[in-house]
Each structure stands twice: as structure tokens, then as C-alpha cells.
Amino acid sequence: MDYNKLAELLFPHITKTPEDYEALYPQRDLPEGAKVTRLGPSPTGFIHLGNLYGAFVDERLAHQSGGKFFLRIEDTDDKRYVEGAVEIIINSLRFFGINFDEGATMTGDIGQYGDYTQSHRGEIYQCFAKKMVADGTAYPCFMTEEEIAQIHEQQEAEKANPGIYGKWAKSRNLTMEEIQAKLAAGTPYVIRLKSDGDMSLPEDQIRRVQVKDAIREILDFPANDQDTVILKATGIPTYHFAHVVDDHLMRTTHVVRGAEWLPSLPIHVELFEKLGWEPPIYCHTAQLMKIDEETGNKRKLSKRHDPELSLDYYRNQGYHPAAVREYLLTILNSNFEEWRMANPDADIDEFEFTTEKMSNSGALFDLNKLNDISKDVLLKISASDLYDFLKGWAEEFKPDLLHIFEDRAYLERILDLGRAEAKPRKDHIYAQQMVENISYFFDDMFRIEDEMPAEAAADVATIIAKYLETYDHSDDQTQWFEKIRQITEELGYAVKPKDFKKNPDQYKGHVGHVSTVVRVALMGRQQSPDVWEIQQILSEDRTRARLAKFL
RNA sequence: GGCUCCAUGGUCAAGCGGUCAAGACACCGCCCUUUCACGGCGGUAACCCGGGUUCGAUUCCCGGUGGAGUCACCA
């Protein structure tokens, strides 16, 4: 068989050579140790937490080493394309602080290693497929879908491994004449890798391949034996081939991808071997998991089944991007939490991220933990920044709430309530929750949500009346509380809660019950931050009005 | 079914042959306290099983078991 002739027959329109592309995309001129990473989403426009998790690794690796991080659109499957997806991807990631140095953008490519959209790179893939055909390491396959389905059935019946390999690869040994005839008849075909692997050999004779993974150390598996499709009938490559060609030509140094790619790693290794290229360093990240409600077991996050893990969900809820980043880093690097405790105020970028410290078992997404982390993160954000963040969130998701932003100073005081103390309050978690938390500060949202405390129920009117009567907005906190005590005593309640607990028969209740009455009248809830501070923010008029209205 | 990955409390996890097996979140209790939150103190709770190797295994090896992933002209 004259493979060169076959290559020309199959790819007469390809005139460039592999050398041309090698020259077009030279080695990158980067400092020693600089890492080049990439994110290769398919343009479905759907991003979930798992994608962010992986993107974060790429971003850290590249930017911590003085390297490059680029975006490549992997749209070799036309069925997946969703309009505007590139924009969504870039914007969603940017929101969480992940920015690309080069690659596809909304307005065109940035960088010297493009085109960064796989569907535009047809000729490049075909050039290398042509080379493989010329080398005798790839061949045209004319099998129809029906034939392949039939083979699958037969394999199932024989309990053989499924797939096109060895004796099942019927187009593998076609003669030139047969191929010419098929071509002349216009029979559609794909290009398959001609694998040297053979899994049917006795176990000790099967060739094994070792790959060092940056997260998982040595990976050891049997060499690939599948004649995997590298070019579809349309001339578009499959993921496997596109990955190998692109990451070589784009001079990617580290390929970060989910562990679901582990099973196809042998294919990629063989492809790199056949093309005579050095493979990149692989970083197979553990999958983010969730508990499946139906089975009660852990399972990989799924785009289809877990819409609540979409990035949009977190934006909707109003989680601050810094909190999400902080959370992701704690599950990404096991020593991050420790580092954070030692450096509570350090910038997150100062943390040295390493693949070695990444876990290789799948972590369950833990909302409790996110919330806890978020409290600490938001505490460090100034009221002014918090205001801007909240407003941005409301503009996008809660336009009917925009009126609360009219008085900036007022909202900032509310957001800062209790945060200046030595032991500051950590009330803020995410926008939606914050808004609910502070709703009583706004008359249109204020309503009585809680009951009056049972101990003081009979005296509610009296307590409020007396309180209003003695109310002086200019009282300091001590003076203010002294008045509460007086009312407490006058009405037969214990000034010290302990007295009441010791002798519950001697009192109607204690000072806590009395102040709770005020709290419910003013805030509509039994629980709130300090009443005096709230009153100061509310203003005298609003305070008096609410008390009066309650009577 | 084949291949692969994974295996320490409810969750995330330190550990890398000798530890009363860290810590964080969650949970419970107590303290602080006019409520809540914050904070402090304390508590419940773990090395999947069986063989080796070794004076000694959570740690190393083998075998099970369990969980996950993957076997497309999808990525």
C-alpha cells in the first residue's frame, strides 16, 4: 500500500505541511517554568460550578507562573452550539475573577496561536490527519452506522469489548483499489487511528503505558487498542484529535480537565506518539460531587440534572464572587484553609496554589461551608463596596428592590450595623439573604412577622405606651437601656434575667421579654441586632411612627 | 461486563510505619448576653474488610468490598 498516494487521494486540497504549522506556531517565549493552560468549553453556554472549579486551576497555574491562560472554543459538535455562548462563558468567568490572556473573545481572537475556535481550524486538523494517513498510522473507514451497530451487538453476544479494533476494524486492510472504488461511489467515510494496541493478548503481554499526572502521580494503564475516529465524515475532528493537535500547536504545557477524561487518556497518548510529539502535563481534577436524591449516593455534578449548581444560581442568590472563590480554593487545595487562618487579611492571590495539594477524590459540594466562608469574606468588604455589589445584583435580578438604594448613606449604615465591634456581627451571607435580613428598615417591606413574647403579651400596650412616652432619640445607649429597666421594674418584671429564672413565680417575666416587645413593634421580629443602634439608623420619626402605629 | 479512578467522623480534610488519629463546617451542651448573631469553652462522631511485610500498620503490598467514571462520527 502506498500511503502517500492514499493521503493525496483523501486530502488533495491540503497543500500545507505539518512543518508549515510548526513554523507558524513557534515555541512560546516565556520565562522558565511559565505554564500555559487553556479552557476548552463546548459552546452550550451552560457553566456550572464544576467548570468554574477547573477554570480556577487553569487560571492559578498560568497566572502564578507568569504564563498564559487562553480560551478555546471546542465546537466540533455543531449540535451543541448555542448562540451567544462565548459571551456567556467569558462574562460568567470574569464575574468570578477569572480572566483570559488570549483566545476567543466576543469580538475576535486575541493571540498568536489561533484560530481559537475549533470549527475554524478544519484545514489544520486535516493536514495532520493527512500526515497520519501518509505515515500509515490512520486510515479511511467506510463502515456505516448500521454495520457498527451490528458489530456492537455481536460483541455483546461474544462478551467482547465494544468498539472498533483488531478484527472488528473492517476497513483497516482495504486495498487501494477498494478504497478508490468507495471514494468514486461517494461513500461517506471517517478517518480512524490505526492503533497498535492489542488487548486480546494474554495479560502479561499487553503493552502498558505510564503517564505522570500532576495531581495523581503515575497513571498506569493498558495501551489503547481502539481505532478511534479522529476525523468525522464532515472533515471535523473529534475531541481526541482536536485536543492533541491544538494543545501541541498552541503550546499548552498543562492540560487541566476532569477525571472523566482519564479513560480516554490512552487514546491521547497514542495520538501524541504517532504524531511524534511530546504530550503536555496532564492534571486530571477530581469531580465535584453531589448526593443523588434518588439513590442517596455521591455522583458527579451533571449539567442536565443539577441546574441549581449552575453558576447562574449563585449569581441569582447573590453570592459574592470573592466568597465563591474562597470556597473553591478551600476545596481545591487542602492547605488553603490553614493558610487563610494564618493570613486572614492577605490577598487571595498570595496563596501559592499547587497541583500536589489537590485532592484526587471527589468532593461533595457543601453549602454550609460556602455560607460560613461567605460570612467571613463579606465581613472584610466595606459597606460601600457591599452597597455597590448589592445594587448590581438587584439591578440584574431584583429590579423591584431598587428603591432601597436611593439613600446610599442609609443603606451603608444598615450594612455596617454591628460590624465595627471587636467581635463583629457576621450577618451577611448572600444578597438574597441580606435583603431579607434588613427588610424591616424599609417601610414598604416592614411587617410584623413574629408574635409578642407570651410572658409580656398582656402588657404590650402598656409597655409600648410607656416606652414611647419616655423615648428620647438623643439618649445614648446607656440612658436608653436605663429607661427600659425602669419600665421593666414598674410593671413587675425582673431586671436581671437570672432573678426571673431563679424565682419565676415572683415576676411576670424579665427585661428580655420587655425589650422583645419593643423589638417586635419596631422590627416586626423577636430577633434583631441591637435595638438602640437600629433606632439611631431608622431615625426618630420612623421610630416614633412605628411605635405609634402599633398602638 | 472491560478498563480506570477513589476509599480517615454527617461533610471537607491533615496524616506520609510508633500520634491519647489534627483542624474546619455542621450538630449538641455550657458561658457571654435584654433577643439574635458574633465570640469563648466543652462534647458526640472516623482510619471499609481480609490477608501479608514488619518488633509494630490508618500509613507499604496483594485480594476482596463499596463508591465513582468511562467505553459515540458528544465533549
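Here is the naming used below: chain letters follow the sequence lines, and residue numbers restart at 1 for every chain.
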Asker: Tell me whether A/Phe481 is stacked on the nucleobase of B/U34, counting only the six-membered base ring and applying the 5.5 Å and 30° thresholds.
Answerer: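 Stacking between A/Phe481 and B/U34: present.
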Asker: Could you spell out the base pairing of RNA chain B in dot-bracket, with Watson-Crick or G-U pairs whose two distances are under 3.5 Å, [ ] crossing and | to another strand?
Answerer: ((((((((.[[[..)..(....]]].(((((.......)))))....[[[[[..)....]]]]])))))))....
Asker: Does a side-chain N or O from A/Thr76 land closer than 4.0 Å to OP1 or OP2 of B/A75, or not?
Answerer: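 Yes, such a contact exists.
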Asker: So does A/Asp220 pair up with A/Arg208, basic N to acidic O under 4.0 Å?
Answerer: yes
Asker: For atom C1', what is the distance between B/G64 and B/C6, given to the nearest Å?
Answerer: 16 Å
Asker: So does A/Lys508 pair up with A/Asp459, basic N to acidic O under 4.0 Å?
Answerer: yes
Asker: Please list, chain by chain and in numerical order, all residues satisfying ring-ring contact (aromatic ring centres under 6.0 Å, His included) with A/His320, sequence neighbours excluded.
Answerer: A/Phe389
Asker: Salt bridge between A/Glu490 and A/Lys466, side-chain N to carboxylate O under 4.0 Å?
Answerer: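 Here A/Glu490 pairs with A/Lys466 in a salt bridge, since their nearest N and O are under 4.0 Å apart.
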Asker: Distances under 3.5 Å only, N/O to N/O: pair up the protein atoms with those of nucleotides 21-24 of chain B.
Answerer:
residue, atom, partner, partner atom, Å
B/A24, O2', A/Glu337, OE2, 2.7
B/A24, O2', A/Lys369, NZ, 2.4

Asker: Anything under 3.5 Å between a protein N or O and an N or O of nucleotides 27-33 of chain B, put it in a table, one pair a line.
Answerer:
residue, atom, partner, partner atom, Å
B/C32, OP1, A/Lys498, NZ, 3.4

Asker: Please determine if a side-chain N or O atom of A/Lys426 lies less than 4.0 Å away from the OP1 or OP2 oxygen of B/G39.
Answerer: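 Answer yes for this pair, as a side-chain N or O of A/Lys426 is under 4.0 Å from OP1 or OP2.
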Asker: Given B/C73, is OP1 or OP2 found less than 4.0 Å from the side-chain N or O atoms of A/Arg192?
Answerer: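 Yes, A/Arg192 has a side-chain N/O under 4.0 Å of OP1/OP2 on B/C73.
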Asker: Can you tell me if the side-chain N/O atoms of A/Ser359 get under 4.0 Å from OP1 or OP2 in B/A13?
Answerer: yes
Asker: With A/Phe241, which residues qualify under ring-ring contact (aromatic ring centres under 6.0 Å, His included), at least two apart?
Answerer: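 A/Phe241 satisfies ring-ring contact (aromatic ring centres under 6.0 Å, His included) with no residue once adjacent residues are dropped.
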Asker: Which residues in residues 205-215 of chain A have at least one heavy atom lying under 4.0 Å from any atom of RNA chain B?
Answerer: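 Residues of residues 205-215 of chain A that come under 4.0 Å of RNA chain B are, in numerical order, A/Arg208.
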Asker: Under 3.5 Å between N/O atoms: give me all the protein pairs with nucleotides 45-49 of chain B, atom names plus distance.
Answerer:
none

Asker: Using the ring-ring contact (aromatic ring centres under 6.0 Å, His included) criterion, which residues pair with A/His510? Sequence neighbours excluded.
Answerer: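 Once residues adjacent in sequence are excluded, the partners of A/His510 under the ring-ring contact (aromatic ring centres under 6.0 Å, His included) criterion are A/Phe500, A/His513.
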Asker: Tell me whether A/Glu421 is salt-bridged to A/Arg419, with the criterion being a basic N under 4.0 Å from an acidic carboxylate O.
Answerer: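 No salt bridge links A/Glu421 with A/Arg419.
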Asker: Between A/Ser334 and A/Thr234, who's closer to the 5' end of RNA chain B by nearest nucleotide?
Answerer: A/Ser334
Asker: Do A/Arg525 side-chain atoms and A/Asn437 backbone N/O form a donor-acceptor pair below 3.5 Å?
Answerer: yes
Asker: Distance between the P atoms of B/U70 and B/C55, in whole angstroms?
Answerer: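 Taking atom P in both B/U70 and B/C55, they lie 45 Å apart.
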Asker: Applying side chain to side chain donor-acceptor pair (under 3.5 Å), can you list everything that pairs with A/Gln226, at least two apart in sequence or on another chain?
Answerer: none
Asker: For the C1' atoms, the ones on B/A68 and on B/A57, what distance do you get once it is rounded to whole angstrom?
Answerer: 27 Å
Asker: Considering residues at least two apart in sequence or located in another chain, which fulfil the ring-ring contact (aromatic ring centres under 6.0 Å, His included) criterion with A/Tyr189?
Answerer: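 Listed in chain order: A/Phe142.
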Asker: Given B/G69, B/A75, B/C5, identify the nucleotide with an atom nearest to the side chain of A/Pro263.
Answerer: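 My answer, after comparing the listed nucleotides, is B/G69.
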Asker: Please name all residues satisfying side chain to side chain donor-acceptor pair (under 3.5 Å) with A/Asp475, sequence neighbours left out, ordered by chain then number.
Answerer: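 Applying side chain to side chain donor-acceptor pair (under 3.5 Å) to A/Asp475 gives A/Lys483.
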Asker: 5'-most contact on RNA chain B: A/Asp530 or A/Pro222, nearest heavy atom basis?
Answerer: A/Pro222
Asker: Can you tell me which residue pairs pass the salt bridge (Lys or Arg N to Asp or Glu O under 4.0 Å) test with a partner in residues 232-244 of chain A, sequence neighbours excluded?
Answerer: none
Asker: How are the rings of A/Trp261 and A/His268 set relative to one another: parallel (under 30°), tilted (30 to 60°) or perpendicular (over 60°)?
Answerer: tilted
